[in-house]
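A short worksheet on the structure shown next.
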Amino acid sequence: MSTAPSHAGKRSSTLQGGRLPKWAPYAIAAGSLALGIGISAAAGLSSSIQWALIAAILYILGTYVVAAKVENRRQAKDRVVTSLVWVAFLLAVVPLASLVWSTVQRGTKVLDGYFLSHSMGVVADSETGGGIYHAILGTLEQVGLATLIAAPIGVLTAIYLVEYGRGSLARAVTFFVDVMTGIPSIVAGLFILSIMLMFEMEPFGFAGSLALAILMMPVVVRSTEEMLKLVPNELREASLALGVPKWRTILKVVLPTSLGGITTGIMLSIARIAGETAPVLLLVFGSKFINSNPFEGAQASLPLYIYQQYGSGEAAAYDRAWAASLTLIAFIMILNLVARGLARWKAPKTGR
Amino acid sequence: MDTTQIADAPPPTPQPSAGEQKRAARGATRPGDRIFLGLSRGSGILLLVIMAAIAGFLTYRAVLAISKDEGNFLTTFEWNTGVNPPVFGIAVLAYGTIVSSIIAMVIAVPVAVAIALFLTHYAPRRLSGPIAYVIDLLAAVPSIVYGLWGALILVPNLNGLFGWLNDYLGWTGIFDWQGGAARSMLTVGILLAIMILPIITNVSREVFRQVPQMHEEAALALGATRWEVIRMSVLPFGRSGVISASMLGLGRALGETMAVATVLSPDFLIHASLLDPGGGTFAQNIASKFSEATEFGRDALIASGLVLFVITLLVNGAARAIIARRKEYSGANA
């Protein structure tokens, strides 16, 4: 690497070009921050976001100029990209952190034992009080029924694809599982709705479960497939060589080996559908009362409850919406963490 | 069905011995085997049947609705399904869906790629693991929570940005702002960008991590700076991965319902300015019109849902095709 021509006179005899000292970025950062605040104060800008932006732009420009002077253009570009990447990261952290922070902060306001154990039965949207018991019940039932439908079908399909699938049918299934992953949740809801319109049915919880099951199946198939592929072939061959029929090999050797991974996949897919609002809005409709029968009458559900409380536009309802959001996020995060913990705990057994 | 050309690569299954393969292909002889094969093949077929049924039922109800439509279904700027004769069309919805998704992609893709690069190449090792984990978790946050946050926190905080855009870029017409709540297409785009950021970041990060170490070391050995390494070996290797990640994000943005329904204040006009409240998207329109709709109104909504279904199918199909092609090229990590 030759030194840049701009300062060839100074360094031409050494093999290494000029280098900025380690503290230089910090110095430039401090300088641009001070300058940014100075300019903003002089121009009378009140928003701290603008201050930060001006400082960031000054920092990037300053870095480029200084690095191009002392080092060379390529190094300067490298430093600029480094700071851009950092800025992008910090920029993305702000909304995501704000989301988590505001949910926790506002959600804890009304979240307590009473809130979790009462319904909205006699509470108007504008009043304080009330709770989400009916919504939790509805969500658990709908998601539970959806899992009962989707998990066996998904796992069996994955077994077909990995253990039996050859030829055009397997290819078609693989392709359509991929496509199915991308179906918007509202379309799955509309599909069940079109069937319900045909038979003139009223909204009920199980209809929502069917739509959720459609959304869940491809996710289960994908994750189970990955897990079954990890099972070493030697295990299958050893079992088959002992004269064990193929179906017993799958049931007694392949599935137990990959059980941890399959469970993880199913739990992650439950976490995914538990937050779905759109199909529940179309098919289950929501209710203020406790309805423990998913096969008859409108039911509530946690995500739908958030939407309807938000929609009422009352301050007390906003508080309830935040608290329900916090409950929902907590439920989903716990599922996620348990699933990932399970995956890590079971990992060595899948053989590596 | 054009499945053959898109899903050409057979799923990379463990290779069974030739004898086992033959036996499996011929079908099992024992009754237990037959039942089990039947069950598992049956569920595979059931999935195909469901897909066909979705397309079939939606089309059937959509045809019922469109045949009575007095306006042109594709170009009408109205959604009156309660009146007789009904007049409705998807022009505004198609425009809103596409514009909000484009805004989301323009914001999210560069930032997501930068974050993925940050995690794989810039962040301190000790930080990058936990950050990636947290981003993974954020991808699981339900859309209704994003919607609630967007409507109650993001919207009031966007006034500053909107005012600034209006002051300096208002003359373009695109960023003209009349004041009022920031519940416009741009807000929707920004919120969608935040929502799809974790997904695109995750997939891109996976791809960047698979870049062969040799490529990077070769570039470094030639004296490349870190940026040059990324530009010359990481980005070319990851390009198709990033494209398919973006398409997956786009698919989610197109079909997003609740976040848009909570943030947007809809109407049935196409606004030249992105900052003016109004417009609508397919999914948002279905969610907000549904509760007052008559049975015919629901059919009309199903018709618009069918259009959304077709669009997302095309986008996802394209993403999968890109992934499949990439697998063929880089045999190492298929």
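Atom set for the values below is all heavy atoms of this structure, side chains included, hydrogens, waters and symmetry mates excluded. All chains are named by letter (A, B, ...) in the order of the sequence lines, taking the proteins before the strands, and each is independently numbered beginning at 1.
Ranked by heavy-atom pairs under 4.5 Å with chain A, the first of D136(B), L117(B), L197(B), L39(B) is D136(B). When V141(B), I50(B), N316(B), T262(B) are compared by the number of non-hydrogen pairs under 4.5 Å with chain A, T262(B) comes out ahead. Of the listed residues G182(A), P184(A), P245(A), the one with more heavy-atom pairs under 4.5 angstrom with chain B than any other is P245(A). Heavy-atom pairs under 4.5 Å with chain A were tallied for L138(B), L137(B), V111(B), L58(B); the largest tally goes to L137(B).
Within the 4.5 angstrom heavy-atom criterion, atoms from both the backbone and the side chain of R226(B) approach chain A. Using a 4.5 Å cut-off between heavy atoms, L282(A) touches chain B through backbone and side chain atoms alike. Proximity to chain B is limited to the side chain of V177(A), based on heavy atoms less than 4.5 angstrom apart. At a 4.5 Å heavy-atom cutoff, the contact between S102(A) and chain B is made by side-chain atoms alone. Using a 4.5 Å cut-off between heavy atoms, I153(B) contacts chain A through its side chain alone, with no backbone atom that close. Contacts between S98(A) and chain B at a heavy-atom distance below 4.5 Å involve backbone atoms as well as side-chain atoms. In this structure, chain B has heavy atoms under 4.5 Å from both the backbone and the side chain of L197(A). Looking at L268(A), neither its backbone nor its side chain comes within 4.5 Å of chain B, counting heavy atoms on both sides. Neither the backbone nor the side chain of V155(A) comes within less than 4.5 Å of any heavy atom in chain B. R106(A) touches chain B through its side chain: at least one heavy atom from C-beta onward sits under 4.5 Å away, while N, CA, C and O do not. Only the side chain of Y60(B) comes within contact range of chain A, judged by heavy atoms closer than 4.5 Å. The contact between L281(A) and chain B is made by backbone and side chain atoms together, counting heavy-atom distances below 4.5 Å. In this structure, the portion of L251(A) lying under 4.5 Å from any heavy atom of chain B is its side chain and not its backbone. For a residue to count as touching a neighbouring chain, one of its non-hydrogen atoms must lie under 4.5 Å from one of that chain's; by this rule T103(A) touches chain B with the side chain only. Only the side chain of V221(A) comes within less than 4.5 Å of a heavy atom in chain B; its backbone stays farther off.
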task = Please assess R248(A) against D33(B) for the test salt bridge (Lys or Arg N to Asp or Glu O under 4.0 Å), listing each intermediate value before the final yes or no.
result = CA-CA 8 Å; R248(A) 284 188 68 87; D33(B) 268 341; over 6 Å; no
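Shown are L308(B), I54(B), T312(B); of these, the side-chain contact (heavy atoms from CB on, under 4.5 Å) with I183(A) is made only by I54(B).
Centroid-to-centroid, the aromatic rings of Y122(B) and W86(A) stay 6.0 Å apart or farther.
Considering every non-hydrogen atom in both G305(B) and L190(A), the closest pair reads CA-CD1, 3.6 Å. Listed here is the closest heavy atom pair of G275(A) and I144(B): O-CG2, 4.3 Å.
Ring orientation note: the planes of F57(B) and F191(A) are nearly perpendicular, at an angle over 60° on the 30°/60° scale.
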